[in-house]
Amino acid sequence: MISGIISFLTGGALNLLILLLGLLPTVDVSALPIAVPEPVSAALGALNWFVPIGDLIAILNWWVVLIIAANVFLFVKRLLDSVRK
Amino acid sequence: MPYRKLISFCLALLLCFSCYPVIKPSYAFADDSEVSLDGRFGEASNADAQEQHEADSGGGEAVAQDPAAAEAQEVEASPSSQELATSDYGISLATVSDSQFNYALYGMLSQFSGGVSFSVAGHTLWYKVGSVVYCVAALYQLINSYLPDIRAYTSDTASRLSTALTRLSNIYDNTNLLSVVFGNDNSVFNTRFVRLLVAAENTAKYSNNLSEVFFNTNSVFNTRFVRLLVAAEGTNSNLASFISENAGWYVRQGLILGAIESFTSENAGWYTRLGRITGAVENLDSSISAFTSENASWYTRFARLLNASEGIYSLLSSYLPNLSAPEVSVSFDDNDLGAILGAIDGVKDAIMLNAAVNFVDTVVGDFSGVVDAVQASTLESTMQSAFPFCIPAIVKQLLGLLQSEPMPPTFDFQIGGEVMHVDASQMQGFADIVSWACRFMFVIGLLFASRRFIFWEVAR
């Protein structure tokens, strides 16, 4: 029962968030005309040998997820505090 | 090409001599006009002719001094070309433009040494020679003007002839095709015709088969018909044998009647057996009566059984007073009791836990589906495309462009004509240290930068 209520509230909040995000201007990331030139791509193997760019991207993904989670948690906490007052 | 020019020149020369009397009257030059070798007409003695010519040609000097410019200038209604057009030969010559006419005339006059003026009058020979040279030049121009058309016509004729030959070749091929279809023994037509003949022969053969089947003495039809007749005769004989007294059917019928007769006679086996059954029933009745009579042995035995039962009862009655409640002392060890109580408590706890779990499941429910996966993926894709939340996605894509399979760098240097190959794969340890240092520094940098990306203040 409680999970159903929470699911209902979460679904509504997500739908509201999707609606608000839909009002923002959109940028198609995959359509950006950015490509690595051929000489650079040939040297990327050597660069990745010293700088593990794939691992750095994975670390960046986790960091972004944690930052978003922290912001959401603090937002909810502040909302609850304001309701108590 | 020189041959063509030579032949053209000879033909033109011949035509000029033959046609000279025809075109002679069409010339506009009077016998008393003066012709200067630099192309001026009637400059000294015939001013009217000069004015007329200048008016027509738009400047004789310009024509004489610059033939190309004279070609560019269109001279309208030149008297000479108009008069030339009055004769049959002049009709073809009239197709030559006036500028070409003037150029040809200039060419004719330039055959002689320039700057010398002479009068046509009194110089009939020169007049004739000049006229002939003019005609040659005009015809040469005319032939040259027609040469492209002749070339085009020849080329077109050659292409048409090639097309005709191609079509003839196709017709020849088609002829071969017709021969393939109709002519050869193995052709399609012949093959089908042979099949048709075979079919006709088979039809004729079937006709023979019909005659063999129906009309010959030994034909299939006749044979079967004979068999049918024989079968009919056999049936007739069988019917006759069936009806006759000695027939098998009659004998069997008689046997059946005899059996029935033996069944109904008193001495028959079944009658004897029925008598035995009746006797057995009678004996049974006597047995029942013997069983139910007071003197029967059965009654005697039942009485004995009752007496025995009474004896058993009396015996039991004598023993019953001696029976009393036994003194049983039950003692439990505390350990056993504790184990039993523990087990009972375990059962109780299990029941309570099960009830509590059911209660919690009912009240709380399953949190695994609190966030819809479809909504989450929609939110993720929307955030990756909505500005400014798409900035991390763009940064990720930019960094992804730099991602590649790590490979040790190799270099080739040209030193003094020799190739020096440098392979950095021996520096694997150094590369590992650098890569781990990069990871560590990146994490440290993100930790320090995290505070700037927390947009909600922590309550204190």
Side-chain angles (χ1 to χ4, degrees), chain A residues 1-11 13-15 17-30 32 34-36 40-57 59-64 66-68 70-79 81, chain B residues 362-372 375-376 378-379 382-410 424-425 427-428 430-432 434-439 442-443 446-447 449-450 453-459:
Chain A
M1 185 172 64
I2 295 174
S3 64
I5 295 170
I6 294 174
S7 176
F8 174 74
L9 294 174
T10 308
L14 287 176
N15 280 329
L17 190 58
I18 291 170
L19 177 66
L20 293 175
L21 288 174
L23 298 176
L24 295 174
T26 58
V27 176
D28 189 3
V29 179
S30 61
L32 292 177
I34 45 177
V36 179
V40 177
S41 62
L44 282 178
L47 175 65
N48 279 262
W49 197 52
F50 290 104
V51 181
I53 295 177
D55 293 347
L56 299 186
I57 291 173
I59 293 170
L60 182 66
N61 280 339
W62 278 106
W63 179 77
V64 169
L66 290 176
I67 287 294
I68 292 173
N71 278 291
V72 170
F73 172 74
L74 291 176
F75 172 73
V76 172
K77 188 172 184 301
R78 186 169 183 178
L79 196 66
D81 290 340
Chain B
T362 304
V363 173
V364 176
D366 187 8
F367 279 91
S368 61
V370 167
V371 179
D372 190 8
Q375 284 183 330
T378 306
L379 179 64
T382 307
M383 284 191 69
Q384 287 180 353
S385 61
F387 184 83
F389 301 101
C390 63
I391 292 174
I394 294 174
V395 173
K396 179 186 173 185
Q397 187 182 7
L398 289 173
L399 290 176
L401 292 175
L402 302 176
Q403 186 178 0
S404 178
E405 185 68 23
M407 295 173 59
T410 58
S425 59
M427 302 168 62
Q428 184 65 47
F430 175 71
D432 291 341
V434 171
S435 65
W436 276 105
C438 287
R439 291 187 186 95
F442 188 68
V443 171
L446 288 178
L447 287 177
S450 297
F453 292 93
I454 302 295
F455 301 105
W456 304 96
E457 294 182 357
V458 180

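Small disclaimer: the values here were computed from a predicted structure and weren't measured. Every chain is numbered from 1 and lettered A, B, ... according to where its sequence line falls, protein lines coming before strand lines.
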Just list the side-chain donor-acceptor pairs under 3.5 Å for residues 382-394 of chain B, sequence neighbours left out, or say none.
residue  : atom : partner  : partner atom : Å
B:Thr382 : OG1  : B:Thr378 : O            : 2.6
B:Ser385 : OG   : B:Ser381 : O            : 3.3
B:Ser385 : OG   : B:Thr382 : O            : 3.2

Please enumerate all residues that pass salt bridge (Lys or Arg N to Asp or Glu O under 4.0 Å) together with A:Asp55, with sequence neighbours excluded.
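Scan of A:Asp55 (salt bridge (Lys or Arg N to Asp or Glu O under 4.0 Å), adjacent residues dropped) gives B:Arg439.
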Between [options], who has the most heavy-atom pairs with chain B when the cutoff is under 4.5 Å?
| options | result |
| --- | --- |
| A:Val40, A:Leu44, A:Leu24 | A:Leu44 |
| A:Asp28, A:Leu23, A:Val36 | A:Val36 |
| A:Trp63, A:Phe73, A:Phe75 | A:Trp63 |
| A:Asn15, A:Ile5, A:Val64 | A:Asn15 |
| A:Thr10, A:Leu66, A:Leu56, A:Ile59 | A:Leu56 |

Taking side chain as everything from C-beta outward and backbone as N, CA, C, O, which of these in A:Ile57 sits under 4.5 Å from a heavy atom of chain B? Side chain, backbone, both or neither.
side chain
Proximal component of [X], with respect to chain A [non-hydrogen, under 4.5 Å]:
| X | result |
| --- | --- |
| B:Ala424 | both |
| B:Thr362 | backbone |
| B:Phe453 | both |

Closest approach of A:Leu14 and B:Gln375, non-hydrogen atoms and distance?
CD1-OE1, 3.8 Å
Test A:Asn48 against B:Glu405 for side-chain hydrogen bond (donor to acceptor under 3.5 Å, both in side chains), laying out the working first.
CA-CA 7 Å; A:Asn48 279 262; B:Glu405 185 68 23; over 6 Å; no
Going through the checks in order, is the side-chain contact (heavy atoms from CB on, under 4.5 Å) test met by A:Leu9 and A:Ile6?
CA-CA 5 Å; A:Leu9 294 174; A:Ile6 294 174; 5.6 Å; no
Between atom CG of A:Leu17 and atom CG of B:Leu379, what is the distance when rounded to the nearest 0.5 Å?
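If I round to the nearest 0.5 Å, the distance is 5.0 Å.
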Nearest 0.5 angstrom please: A:Trp49 CH2 to B:Ser425 OG, how far?
6.5 Å
Specify which of B:Leu398, B:Val395, B:Leu399, B:Val363 makes the most heavy-atom pairs with chain A at under 4.5 Å.
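The option with the most such pairs is B:Val363.
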